[in-house]
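Numbering starts at 1 and runs along the sequence shown.
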Amino acid sequence: MASAEAALYRATTGDRVMGQDIKLNFINRSSDTNNSSIVIFQQNAAVTFDEKPVAWRMIKNCGRGDNHPFTFPLNLQVMARDSWGNYTAPANAVGGQAFGMVLDTSGDVLTLLNVSAGSPNEVEVHNQLARGAINACILKDGKLLAVKTGLAPGEKASFQFNARIYIGVVGELDEGDVIHSAIASQVNTEIDLIGITSADVVMTGGGAGQNSTPFEFHLENINQ
């Protein structure tokens, strides 16, 4: 079941930085008869430990021969949840920026800090509250992309995402859900989007019985 945060993120909209978006179009050319769901996610390249990814997009009920267009923005948004259950408004974020959760005269707010992140490619979220843990969150296209939970006062979270997606067939999963290791390990198709402005993401394989083959994903009609 999706978390309360995921439900809020799906209902939240905010200003987005204008920039180049990659136009993608998922096409089901498989032999699947199980109405399988497709998950798309990214990996946080700023961490060295096994951080669980988040289901950024789910494609469901897309029958054979159907297609599902979607946009992959290069821009990110950042937001946070404090220990009181309050959520900050999404703020546009670019590499090299650092944000801090602070207590001002109105309450807990997320503000852009007058310091740079440790890397020009990373977005940082610092918990600068005197007490109370926070959840630091990254959004793409208004949808939850990554989350670092339980960030204690004085701690920070670092986020970096390359123009690369992971895509695969999964069971019961909703957008915004944390993908546990057992499921993530089954999603082994990595698609590099560097230099691409639009493309079709084609799924093949599947089927029943002895004629069944593994699902595969590849790009067609690539524009650069």
Side-chain angles (χ1 to χ4, degrees), residues 1-14 16 21-28 30 32-45 47 50-64 66-83 85-90 93 125 133-151 157 159 161 164-191 193 201-203 205-206 214-217:
M1 180 179 296
S3 65
E5 286 94 338
L8 180 66
Y9 302 144
R10 288 195 286 268
T12 302
T13 58
R16 298 173 190 164
D21 294 341
I22 301 174
K23 304 295 184 182
L24 299 174
N25 183 37
F26 171 80
I27 302 175
N28 183 0
S30 74
D32 180 44
T33 58
N34 294 320
N35 192 13
S36 299
S37 295
I38 312 302
V39 66
I40 301 171
F41 63 88
Q42 290 192 274
Q43 295 278 12
N44 183 4
V47 296
D50 185 22
E51 182 175 288
K52 294 181 175 63
V54 171
W56 173 59
R57 280 191 178 273
M58 292 296 303
I59 300 175
K60 299 186 178 185
N61 300 312
C62 189
R64 287 186 292 177
D66 290 355
N67 69 291
H68 182 100
F70 63 99
T71 299
F72 179 86
L74 298 182
N75 301 307
L76 302 173
Q77 293 174 299
V78 61
M79 66 185 299
R81 176 189 186 275
D82 68 10
S83 60
N86 303 310
Y87 297 83
T88 67
V125 179
I134 67 170
N135 292 352
C137 312
I138 296 292
L139 288 76
K140 182 184 284 286
D141 201 29
K143 298 175 182 291
L144 183 63
L145 181 69
V147 59
K148 173 64 176 178
T149 61
L151 203 63
F159 301 94
F161 300 95
R164 184 178 298 121
I165 59 173
Y166 295 82
I167 184 169
V169 174
V170 295
E172 290 298 322
L173 202 62
D174 291 317
E175 288 183 355
D177 283 352
V178 173
I179 306 174
H180 295 290
S181 301
I183 298 176
S185 64
Q186 301 173 16
V187 181
N188 50 24
T189 299
E190 178 182 333
I191 297 179
L193 300 175
V201 183
V202 180
M203 179 176 77
F215 289 106
E216 295 183 353
F217 300 84

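- Taking each heavy atom of Val39 and Leu173 in turn, the nearest pair found is CG2-CD2, 4.0 Å.
- The pair Lys52-Asp177 does not count as a salt bridge, with every side-chain nitrogen at least 4.0 angstrom from each carboxylate oxygen.
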side-chain contact (heavy atoms from CB on, under 4.5 Å), that's the test. Do Ile22 and Thr71 meet it? Break it down for me. CA-CA 6 Å; Ile22 301 174; Thr71 299; over 6 Å; no
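- The aromatic rings of Phe26 and Phe217 lie tilted to each other, with the angle between the two planes from 30° to 60°.
- Interatomic distance, Ile138 CD1 to Leu144 CG, rounded to the nearest 0.5 Å: 9.5 Å.
- The main-chain N or O of Gly150 is found under 3.5 Å from a side-chain atom of Asn135 such that the two form a donor-acceptor pair.
- Between the side chain of Asp21 and the backbone N or O of Phe72 there is no donor-acceptor pair closer than 3.5 Å.
- Judged by distance alone, with hydrogens and angles left aside, the side-chain atoms of Lys148 form no donor-acceptor pair with the main-chain N or O of Cys137 at under 3.5 Å.
- For the pair Asn34 (side chain) and Ser36 (backbone), a donor-acceptor distance under 3.5 Å is absent.
- Side chains of Ile165 and Leu193 form a contact here, defined as non-hydrogen atoms less than 4.5 Å apart.
- Residues Val169 and Gln186 fail the side-chain proximity criterion, which asks for heavy atoms closer than 4.5 Å.
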Assess the residue pair Ile179 and Val54 against the criterion (side-chain contact (heavy atoms from CB on, under 4.5 Å)); give the C-alpha distance rounded to whole Å, side-chain angles, the decisive distance to 0.1 Å, and a yes or no. CA-CA 6 Å; Ile179 306 174; Val54 171; 5.9 Å; no
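- Donor-acceptor pairing under 3.5 Å is recorded for the side chains of Asn28 and Ser30.
- The side-chain heavy atoms of Leu145 and Gln42, taken from C-beta on, include a pair separated by under 4.5 Å.
- Taking the six-membered ring for Trp and thresholds of 30 and 60 degrees, Phe159 and Phe161 have nearly parallel ring planes, at less than 30 degrees apart.
- Of all non-hydrogen atoms in Phe215 and Gly206, the two that sit nearest each other are CE2-CA, 3.6 Å.
- A donor-acceptor pair is defined here as one N or O able to donate and one able to accept, closer than 3.5 Å; no such pair exists between the side chain of Thr189 and the backbone of Gly168.
- Side-chain contact, Asn35 with Asn61: a donor N or O sits under 3.5 Å from an acceptor N or O.
- Within the model, atoms CD of Glu216 and CG of Asn188 stand 10.0 Å from one another, a figure rounded to the nearest 0.5 Å.
- Among residues two or more places apart in sequence or in another chain, the salt bridge (Lys or Arg N to Asp or Glu O under 4.0 Å) test is passed with Arg164 by Glu190.
- In this structure, the separation between CD1 on Ile59 and CZ on Phe70 is 5.0 Å, given to the nearest 0.5 Å.
- A donor-acceptor pair under 3.5 Å is formed between the side chain of Trp56 and the backbone N or O of Lys140.
- Of all heavy-atom pairs spanning Val201 and Ile191, the tightest one is CG1-CD1, 4.0 Å.
- Between His68 and Ile38, the closest side-chain pair of non-hydrogen atoms is not below 4.5 Å.
- Residues Leu139 and Val78 fail the side-chain proximity criterion, which asks for heavy atoms closer than 4.5 Å.
- Using a 4.5 Å heavy-atom cutoff, the side chains of Arg81 and Leu151 are not in contact.
- Between Thr88 and Met79 the shortest heavy-atom distance is O-CE, 3.2 Å.
- The side chain to side chain contact (heavy atoms under 4.5 Å, CB included) test applied to Ser83 returns no partner, not counting sequence neighbours.
- Of the possible polar contacts, one joining the Glu175 side chain to the Met58 backbone as a donor-acceptor pair under 3.5 Å is found.
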